[in-house]
Structures are given as C-alpha cells and as structure tokens.
Amino acid sequence: MPEIVLVGLNHKVAPVEVRERLAFNAGGLKEALRRFGRGNGGCKSYGSEGVILSTCNRLEVYTLASCLDDGESSVCRLLEDCHGEDSAVFRPHLYARSDNNAANHLFSVAAGLDSMVVGEHQILGQVTEAMETALAENAAGKVLSALFRHAIEAGKRARTETAISQGTTSISHVGVELARKIFGDLTPCHVLLVGAGEMAELAAQALVESGAERITVLNRTRERAEGLAKRFDARPLGWERLDEALSWADIVITSTAAPHAVIRPPQVEAANRRRRQRPLFLIDIAVPRDVDPDVARIGNVYLYDIDDLEKVVEESLADRRREVPKVEKIVAEVEEDFMAWYRSLNVVPTIVDIRRQAHHVQQAEVERALRRLPNLSDDDREIVQAMAKRIVNKLLHHPTICLKEHANCSDGYQYAEIARDLFGTDGHEDRKGDPS
Amino acid sequence: MTALTLFIVGTILYGASAYLYVAGWIGRSRKASDWAPRLLGGAVVLYLASTGLRWSVFGFPFLTLREVLSVYAWVLAVLYLLIEVRSGHTIIGVMVVPVGSLMILVSSLLPGTQQPLLPLLKSPWLMAHTGVLLAAYAAFTVAFAAALAYLLQDWSLRRRRLAWRLPPLPVMDQLSRLLVGIGVVLMVAAILTGSAWARRAWGRAWVWQPKQVLALVTVAIFGAYLLVRHASSWSVRRASWLIVVGFVAILTTFIGADLLAPTSLHSFLVR
C-alpha cells in the first residue's frame, strides 16, 4: 500500500528567495509532471502519481511513495532536476506529510485556511487547475485525482457553508463594497475623482470593474486630469468646478496633496440642497485629509478616510478568523470521507472483507440446506457444514495468496480494488464516486 | 386530520422557522437560513388547510382578539415569504417571524369565543373590515422591519463599520416605500368599509371612538412618510423614523384603544 506524500513549502516557512527558485512556469510544470507515472518515454520515474500545486505563495508536490522518507527524497530529486538547484538550498524549508495529514493539509489549503489572506478565493481555482494539468499530463491517477476532488469539495463547502470568504480584504475593494451598501447598483453612480493619486486610481478602477460607468476627473493641473481621464474613458474637469460637481456626484474619491481640507461642510451643505435625498459617499484617501471630518455630520453623507477603510479591512479579516473552527470541522469531515475510501484500497482489509462476506454466504446456505434436511443426524450435519467451509476456503485460497503477494507492492491497491469489484465487497460504494 | 391538529403542527413549524431565522443569523449558518423559509411555507400551507376546514364547520374566523392575533401572524408570514422570494434577504424574517410566532403563542393563551356573537356584528362587513385592516397592519409591520434594517445599516455605515449581512440601503428603502404605500391604501379601504358598515348598522358613519381616531392618526403618519419621501429633501434616515413612529401608533391603536374605551364595539373586550 503506497502512502500519499506531500512535500512542499509555503509563505509561512520559506522566504520569497527560496519560493521563487522553486516556482514552476506553465511549461516547466508540464515537463515536471511528465516525470511521474510509468513508461513515460524512458524518463526516470519519481512516483506512480503526482500533482504539483505551484502558486506565488506555495509549492507543493503530492505523490505516492512507499513511505514518507522515500517520497520526500524523490520529490527533492525532482525539484533538483527540474530547477537545477542544490537541494541544500530548499530542503531545510520543506515540510513533508503523509496520508491523512497530507489530505488534511490539502483540504485546508483549498478551503483557504492556509492562505496569507484567510478565505481568499484564488487558491481554490489554483487547486482545481493543478489537478486538471496533472490529469492532462497523465500524472494524476486514481488516488490523487480523488484526493483533489475531495479538496475542491472542501473548498466549495467552506465558502458556501461558512463566512470564511465573506467581506473584503483589500482597501480599494472596501470602497466598492461600501458603495454597494449605500447605492445598491453601481451602474448609475457617478464617480468623481478629486486629485489623481495612485490609491485613488486603484479605488476608481475597482469601482469601474464593479459596473460604475460615469467617471469624472478633477485635478489642479489639467494635464494630469486629462491623462487619468483618458485611462478611464472619463471626463476631465477644471478645479474651479468642484462645488458644482459635488451636487451631482454620487461617489467622491479625494487624493490631493493639499495641506488642508478642500471639501468643507458649507460646500457640501450647499450641494446637498440640490441633491435632494440622494446619498453622497466620500472616500478620502489623502493624508493630510482632503475632507473636513465635520462633513460626516451632514445628512445623507457617508465619509470614510484611509483609517476607516483600513479598519473595515481589519474587521473583515477578524470576522473570517472567527469562522476558522467551522471550516476546520468541514475539512475534518471531508478528510474522514476521503480516508474511508482510501483505506478501502488497502489489501489487508480487503482480504478480511472478502472472507467475512464469504463466511456469511456459507452460513446462510448451510442453514438453508439443513432446514430442508431435518432428518439428518448430528454427524451428517457436521459433514455438510465442513463441506461448505472447505469449498469456500479452497475457492478463496488463491485470491488470498495473490492479494497478499501484492500487498507490499506499489500497485497493491489496484489489486485490492479489482478484488473488491469482483467480489462485490465495496463497503464504500457511496463514497467512491465523485464528491462533486 | 382535524383542523386543530393541522393548526398545531403549523404553529410548531412557524415557531421552528422563527428559531431557524434567528439561529441562522446569529450562528451565520446558511443551512438554517435555507430551511427557515421552507418551514414557514409549510406552516402557511397547513394553516390555510386548517382555516378552510374550520371555516366550513364554525364559520367566520376573525372575531376575538385571539383569532385576530393569529390571523395577523399568518398574514404576516405570507407577506414576508413573498418578500423573501423576491429579494432574497432574510434580515426581515429574523425580525418579523419571531414576532409572528409570539403572536400565535399569545393568542393561544387567550380565551376563545365564549359568548354568542352580538347580532350587530353578524355581517359580511366584519370580514371585509377586519381582514383588510389586518393586511394593512401586516404590511406596516414589514415596512417597520425594513425601516429598522435601513436604520441599522445606516448607523453602522456612519460608525464606519460595514454590516456585511444587512442589505444595501436602497433595497430596504424601496421595500419600506412599497409596503407603506400598500398599507396606507389598505388602511384607507378598511376605514371606508368600516364607515359604510357603521352607517348601515348605527346610522352614522363616524362616531369618534378612540380606535377610529387613532386609526386616522396612524394613516396620517404613514401618509406623511409617503409625502416626505416623495417631495421633500428630508434624508431617508429621518423619514424612516416616521415609520417607527407610525408603528408605535399602530400598537397604540391595537392595544391602547381598548384601555381607553373598553365598552366600545371596537373593543375586543366586549365580545
């Protein structure tokens, strides 16, 4: 019975200098994957199955090996061969896990628990892609593809059943989420950029991606406004029209280098009279601040400065961290599910199961026969019983020997599986299929 | 199954749904929040079946305070379910469904019909008048819940906290506006049917009983809300407080008027 072995490193244990040396590009990844499996063009084999998860924060190789140490050294060889690096460079940073620990790790990764930003979405796509690439290169076989399917299930369940992915964790997207809460649909919203700082540009970009169509750029220097306007397909406007713009804009992002506030309560109050009930959302990214904090007291005005945005991000992360125990429970459930299937591939329990089943059949048939032969003496009954037992044992003798011989080979689980199929003893029929 | 069994099972489902709404919200459990409306829908179906059976046996159901409270709770459930199906937000259910199940609980503790019905009240007008009024109250209740959700979201946005699970402001605002509009129309209709009936029964359309006056005040407050939302520069926040005031007026009409004029025909104590 081979073990599932994971060898890898991530942002928590390895500095970027090490991670970047081991990262795979698309071509390198395919080439590395081709080294797994048997009979692949005379290449040296590194394990009968392999999947490589390579992202900017982690490199993890999943493979099958006879034991953890074997797996670790063969992965090290693979990384040495593929990257031409001495394993002394990266070996101290590697972690290695086997079987249920490896499965648990992968499921946690897919659920976003191991990510730099807890609960982020990207990793689930990367896990899926890693599996698909490995399948395309014939590197992932039955065991690892089942492992990864379970990982994707864990990732999906974590995100739908818990709030681990809820909220926003980047400052520029916080603006979008706040705007959504204030305006609902962003399409009809008019965005006004006051000043043309880089952060403001990012925030505006996020708003445009979320549907905002009308953008106006207002800057002290006309050229800078025009440059930025061109990028967003926006309208540039002269600085003198700020007060007027406040009466029609919905979302105002300020980022000027002015040493004092450029938007003060009287301006907003005057604009508000023309705005009627429409809310005004002010995002002040500038330091020192561009908007007088007293503006927030005006009705229908929502004012956020850079610290407020950061506070929202922090709270959002704290909310996610509170969900971690729930996700861990899901991971544990999926792990149990997967391990039940995986253990069923093992040879020894297979033999036990087949024998137990044969024993049941034997007993049932003997009882039935004896019921129909009520006149037999005790001696005769014993003969019948012994005969049934001998038939069963003789029929099972060769399959048992054969399975035991293969028990210690790396392809043992395939025999076990076929045997289960033939004898119909698949106790985990319901778990065998796709988890999706 | 008898009408009573159906009613009891429906009531249990209603209570379970209320529990799931609250638990799903607090525990952030999507499974609970998914099951809550299904249970509520089941409760409504059982209740309708029970009412149908009861109707065919005992006749008209809206009479005692006990019955009125229970009918109100069920109208509320139906109205809320329509809204959840349309908007997908559950926060209103978290507020409204527990209130509804509490009403049923209270109503089941009240005594049932004991005395024979006053001959004056034996009229199809009773059904039109009370039924429409209860629908208006249910609409106002949901509008009130939406206004609370609005004020809560607004408050958290001003405190620089993002309430992720509360719906966007315009969603709640539009819902309040729609339901207050419906409620005002229904309540005016209830007052008109009431006057028409009073004119036939008492010879006078309007007798200035406390309940009548309070009902007028209620309509005036919600009417003012509509006016303010339609044509003024009041902030939505300020206008939403009018809904809160209007809801207090409803509670006063419903409970307070009986205390002010316990012998009037509008009082539940008479029957």
Side-chain angles (χ1 to χ4, degrees), chain A residues 157-168 173-186 188-189 250 269 272-281 283 293 296-316 318-320 322-323 326 330, chain B residues 20 23-35 86-91 146-147 149-178 225-242:
Chain A
R157 278 188 59 193
R159 285 170 180 81
T160 54
E161 291 173 27
T162 76
I164 192 79
S165 294
Q166 213 169 49
T168 298
H173 278 93
V174 163
V176 172
E177 289 305 326
L178 288 165
R180 281 220 179 97
K181 290 296 179 197
I182 296 170
F183 298 103
D185 181 16
L186 296 187
C189 286
D250 296 302
E269 267 161 11
N272 225 13
R273 275 192 283 280
R274 273 173 291 170
R275 303 178 59 81
R276 304 184 61 83
Q277 303 158 350
R278 269 187 309 127
L280 174 65
F281 179 26
I283 306 174
R297 292 209 200 114
I298 300 168
N300 282 350
V301 172
Y302 301 92
L303 168 63
Y304 281 69
D305 63 32
I306 186 81
D307 282 2
D308 299 330
L309 296 179
E310 258 158 32
K311 212 177 103 198
V312 172
V313 167
E314 271 162 36
E315 273 168 14
S316 175
D319 278 354
R320 286 183 178 196
R322 274 197 286 279
E323 292 292 287
K326 270 195 227 166
I330 291 176
Chain B
L20 285 183
W25 184 265
I26 293 170
R28 295 164 182 244
S29 153
R30 203 159 295 188
K31 222 182 260 173
S33 303
D34 281 350
W35 274 98
R86 226 178 118 234
S87 77
H89 292 292
T90 59
I91 175 65
Y150 181 97
L151 290 170
L152 216 60
Q153 175 68 280
D154 176 78
W155 179 70
S156 71
L157 281 170
R158 314 192 113 239
R159 273 180 62 235
R160 319 292 204 281
R161 284 213 50 178
L162 219 175
W164 291 105
R165 295 175 305 149
L166 288 173
L169 295 174
V171 173
M172 291 297 103
D173 179 38
Q174 279 156 18
L175 195 59
S176 291
R177 267 166 99 165
L178 175 73
Y225 165 83
L226 289 181
L227 201 69
V228 160
R229 290 296 287 116
H230 196 72
S232 91
S233 54
W234 272 35
S235 65
V236 186
R237 180 184 329 129
R238 205 191 288 177
S240 296
W241 282 107
L242 266 183

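Keep in mind that what you see is a predicted model, and the values were worked out from it rather than measured. We name chains A, B, ... by the order of the sequence lines, and we start the count at 1 in each one.
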In terms of heavy-atom contacts, does CH2 of W25(B) have more than 12 from other residues, nucleotides or ligands at under 6.0 Å?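 Buried by this count: over 12 neighbours within 6.0 Å.
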
- For R297(A), does the CZ atom have more than 12 heavy-atom neighbours from other residues, nucleotides or ligands under 6.0 Å away?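 Not more than 12 within 6.0 Å, no.
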
* Given the options D185(A), V174(A), D308(A), L303(A), which has more heavy-atom pairs under 4.5 Å with chain B than any of the others? ->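 It is D308(A).
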
Review point. Between V312(A), L309(A), T162(A), T160(A), which shows the greatest number of heavy-atom pairs under 4.5 Å with chain B?
Key: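 Option with the top pair count is T160(A).
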
Distance, nearest 0.5 Å, that separates [atom1] of [X] from [atom2] of [Y]:
X       : Y       : atom1 : atom2 : result
F281(A) : L157(B) : CZ    : CG    : 8.0 Å
D34(B)  : E161(A) : CG    : CD    : 10.0 Å
N272(A) : S235(B) : CG    : OG    : 9.0 Å
R160(B) : E310(A) : CZ    : CD    : 14.5 Å

Looking at K181(A) and D154(B), would you say the former's side chain and the latter's main chain have a donor-acceptor pair under 3.5 Å?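 No, the answer is negative, given that no donor and acceptor are paired below the 3.5 Å cut-off.
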
- For R238(B), which residues count as a salt bridge (charged side-chain N to carboxylate O under 4.0 Å, His left out) partner, sequence neighbours excluded?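 None.
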
(Q) So, using side chain to side chain donor-acceptor pair (under 3.5 Å) as the criterion, who are the partners of N300(A) when residues are at least two apart? (A)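 N300(A) satisfies side chain to side chain donor-acceptor pair (under 3.5 Å) with no residue once adjacent residues are dropped.
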
* Asked: Do you know the tightest heavy-atom contact between G184(A) and P168(B)?
  ->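 Looking at all heavy atoms of both residues, the shortest contact is CA-CB, 3.9 Å.
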
| task | Over all heavy atoms of both residues, which pair between Y304(A) and S156(B) is shortest? Give the atoms and the distance, please. | result |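 Answer, listing the atom of Y304(A) first, then S156(B): OH-O, 4.3 Å.
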
What part of Y302(A) is in contact with chain B, defined as an atom under 4.5 angstrom from a non-hydrogen atom: side chain, backbone, both or neither?
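Only the side chain of Y302(A) comes within 4.5 Å of chain B.
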
Can you say whether A296(A) sits under 4.5 Å from chain B via the side chain, the backbone, both, or neither, judging by heavy atoms?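 Its backbone and side chain both get close to chain B.
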
Out of R229(B), R165(B), K31(B), which one racks up the most heavy-atom pairs below 4.5 Å with chain A?
->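 Heavy-atom pair counts peak at R229(B).
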
